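What you see is a predicted model, and the numbers here were worked out from it, not measured in a lab.
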Amino acid sequence: MESIYTAKEDRYGSMAYRRCGRSGILLPAISLGLWHNFGSVDVFSYFIRIAHTAFDNGITHFDLANNYGPVYGSAEENFGRILKKGLGAYRDELIISTTAGYDMWPGPFGTWGNRKYLMASLDQSLKRMGLDYVDIFYSHRPDPETPIEETMGALADIVRQGKALYVGISNYNAEQTAKALAILKEHRVPCLIHQARYSMFDRWTEPDLLPLLKEEGVGMIAFSPLAQGMLTNKYLHGIPENSRAAKSTGHLQREQVTEDKIDKIRQLNDLAIQRGQTLAEMALAWLLKDDRVTSVLVGASSTEQLLDNLKALDNTNFTADEQVRIEDILRNNAI
């Protein structure tokens with residue numbers, strides 16, 4: 001007979017928690033994203049162990065989206081199964097987020113940011129996960145055709161309906177973010193958090209967005225903190241056959257892993273070794289050194305990989321010399 005999951009009593013002993021902007025919410029420094037490895041093509045016994053390992057190590061935040069899989073919706077369905085098999089007993093300790101904004105079903109109301117799509121999508125997400133509410137619901141991307149007032153108004157009404165406790169936005173640039181925050185303020189439903197792509201190799205958030213979020217008291221959670229796996233030891237010797245970049249489909253293409261990038265990866269790896277870290281650990285720690293970053297979202301294909309990522313928390317401090325060296329490497333000025 002299958003045993004029911006019971007969480008470890010000391011699960012909060014080693015995780016660091018950070019306040020999300022000026023809210024009452026604390027997020028773990030490392031959160032678990034279910035973008036990959038939790039879909040219908042994956043093995044349930046593997047990813048339920050990943051989820052349990054995450055919570056046993058203080059990861060209280062699980063991040064999903066309506067179309068995570070594959071197939072669309074299957075990550076939420078599988079997370080619902082995980083909740084039913086014991087994790088749901090700790091619902092009041094969990095921050096569960098989901099998102100809508102990209103393609104989910106055919107037709108004009110199955111994507112983007114119109115009110116009909118956002119509300120219908122969240123209703124479907126709640127059914128798939130077997131939940132009455134999510135803690136955070138995001139607009140996944142700005143809609144160039146729908147007035148931002150409509151998108152933000154839908155988010156505000158979702159909170160008033162009790163289907164989400166907080167709302168956030170993702171992939172909005174600084175100008176779009178400023179507009180969204182102002183509209184949500186008018187509705188008296190503040191934006192809790194902004195989810196943005198951020199890593200050593202992708203720093204578009206730094207000039208305008210991060211200062212804006214700090215000023216407005218909005219949290220920030222970074223996705224793709226390892227640059228789709230490039231900021232690991234996987235690409236030290238080129239592109240391995242089983243890597244994301246070797247596949248013809250996906251978000252990391254072979255042409256993105258240039259010789260220049262590989263050279264930077266090797267130099268960063270050398271520095272990580274000097275710090276007593278893996279490259280992945282250092283890349284996560286580098287983001288977490290900034291107090292404007294509330295949390296980083298990691299994916300994991302195994303419990304071992306997840307536990308390795310958690311080791312980043314052992315050293316998130318960088319000396320001035322280390323920071324200069326990293327900047328030199330990233331600017332390609334390293335000796």
Side-chain angles (χ1 to χ4, degrees), residues 20-25 27 63-68 72-73 76 95-127 131-198 204-223 292 294 297:
C20 193
R22 288 195 289 267
S23 76
I25 288 293
L27 292 184
D63 181 75
L64 300 105
N66 55 358
N67 62 359
Y68 284 178
Y72 288 178
E76 289 182 330
I95 297 291
I96 300 171
S97 61
T98 196
T99 313
Y102 284 92
D103 295 349
M104 184 60 192
W105 60 81
F109 303 119
T111 188
W112 290 110
N114 62 79
R115 179 185 181 88
K116 181 174 175 62
Y117 168 55
L118 294 177
M119 291 197 156
S121 178
L122 180 54
D123 284 344
Q124 292 182 17
S125 293
L126 293 174
K127 288 178 182 177
L131 295 173
D132 296 323
Y133 69 95
V134 291
D135 297 278
I136 306 169
F137 182 63
Y138 289 95
S139 166
H140 211 160
R141 59 174 173 171
D143 184 343
E145 302 298 330
T146 298
I148 194 170
E149 291 81 3
E150 178 177 334
T151 303
M152 295 304 113
L155 294 184
D157 285 344
I158 282 167
V159 171
R160 293 192 185 98
Q161 292 170 0
K163 295 178 180 179
L165 301 185
Y166 302 89
V167 291
I169 56 178
S170 179
N171 298 306
Y172 283 57
N173 64 29
E175 181 181 359
Q176 293 161 338
T177 296
K179 291 180 181 177
L181 299 185
I183 295 166
L184 286 170
K185 281 183 182 178
E186 292 176 2
H187 284 279
R188 297 185 178 276
V189 177
C191 180
L192 175 74
I193 191 167
H194 189 298
Q195 186 176 139
R197 190 180 61 252
Y198 187 27
W204 72 271
T205 60
E206 291 180 351
D208 302 311
L209 182 60
L210 280 173
L212 172 65
L213 297 178
K214 177 73 171 181
E215 180 182 350
E216 294 290 336
V218 176
M220 190 272 190
I221 185 166
F223 72 86
R292 297 173 299 183
T294 313
L297 272 174

So which heavy atom on [X] is nearest to which on [Y], and how close?
X	Y	answer
Ser125	Glu76	OG-OE2, 2.9 Å
Ala174	Asp208	CB-CB, 3.6 Å
Ala154	Met119	O-CE, 3.9 Å
Leu27	Cys20	CD1-SG, 4.3 Å
Met152	Ala180	SD-CB, 3.7 Å
Leu213	Gly219	CD1-O, 4.2 Å

Does Glu175 have more than 12 heavy atoms from other residues, nucleotides or ligands lying within 6.0 Å of its CD?
no

Are the side chains of Ile169 and Thr177 in touch, meaning some heavy atoms are under 4.5 Å apart?
yes

State the [atom1]-[atom2] distance between [X] and [Y], to the nearest 0.5 angstrom.
X	Y	atom1	atom2	result
Ile25	Thr294	CD1	OG1	11.0 Å
Tyr102	Arg141	OH	CZ	5.0 Å
Glu149	Arg115	CD	CZ	13.5 Å
Cys191	Leu181	SG	CG	5.0 Å
Phe223	Leu297	CZ	CG	9.0 Å
Phe137	Thr99	CZ	OG1	7.5 Å

Going through the distances and angles, do Asn114 and Thr146 end up as a side chain to side chain donor-acceptor pair (under 3.5 Å)?
CA-CA 6 Å; Asn114 62 79; Thr146 298; 5.1 Å; no

Using the rule salt bridge (Lys or Arg N to Asp or Glu O under 4.0 Å), only one of Arg22, Lys179, Lys185 pairs with Glu216; which is it?
Lys185

Verdict with supporting geometry, Tyr133 and Leu122, side-chain contact (heavy atoms from CB on, under 4.5 Å)
CA-CA 9 Å; Tyr133 69 95; Leu122 180 54; over 6 Å; no

Salt-bridged, Arg292 to Glu206, with N to O below 4.0 Å?
no

Answer yes when Asp132 and Lys163 have at least one side-chain N-carboxylate O distance shorter than 4.0 Å, and no when they do not.
no

Taking the side chain from Trp204 and the backbone from Arg197, do they hold a donor-acceptor pair closer than 3.5 Å?
yes

Any donor-acceptor pair under 3.5 Å from Ser97 side chain to Ile136 backbone
no

Could you tell me if Thr111 and Asp103 have a donor-acceptor pair between their side chains, going purely by distance under 3.5 Å?
yes

Quick one: do the Tyr117 and Asp143 side chains pair a donor with an acceptor below 3.5 Å?
no

Would Tyr172 and Ser139 count as a side chain to side chain donor-acceptor pair (under 3.5 Å) if you check the C-alpha gap in whole Å, the side-chain angles of each, and the deciding distance to 0.1 Å?
CA-CA 9 Å; Tyr172 283 57; Ser139 166; 2.7 Å; yes

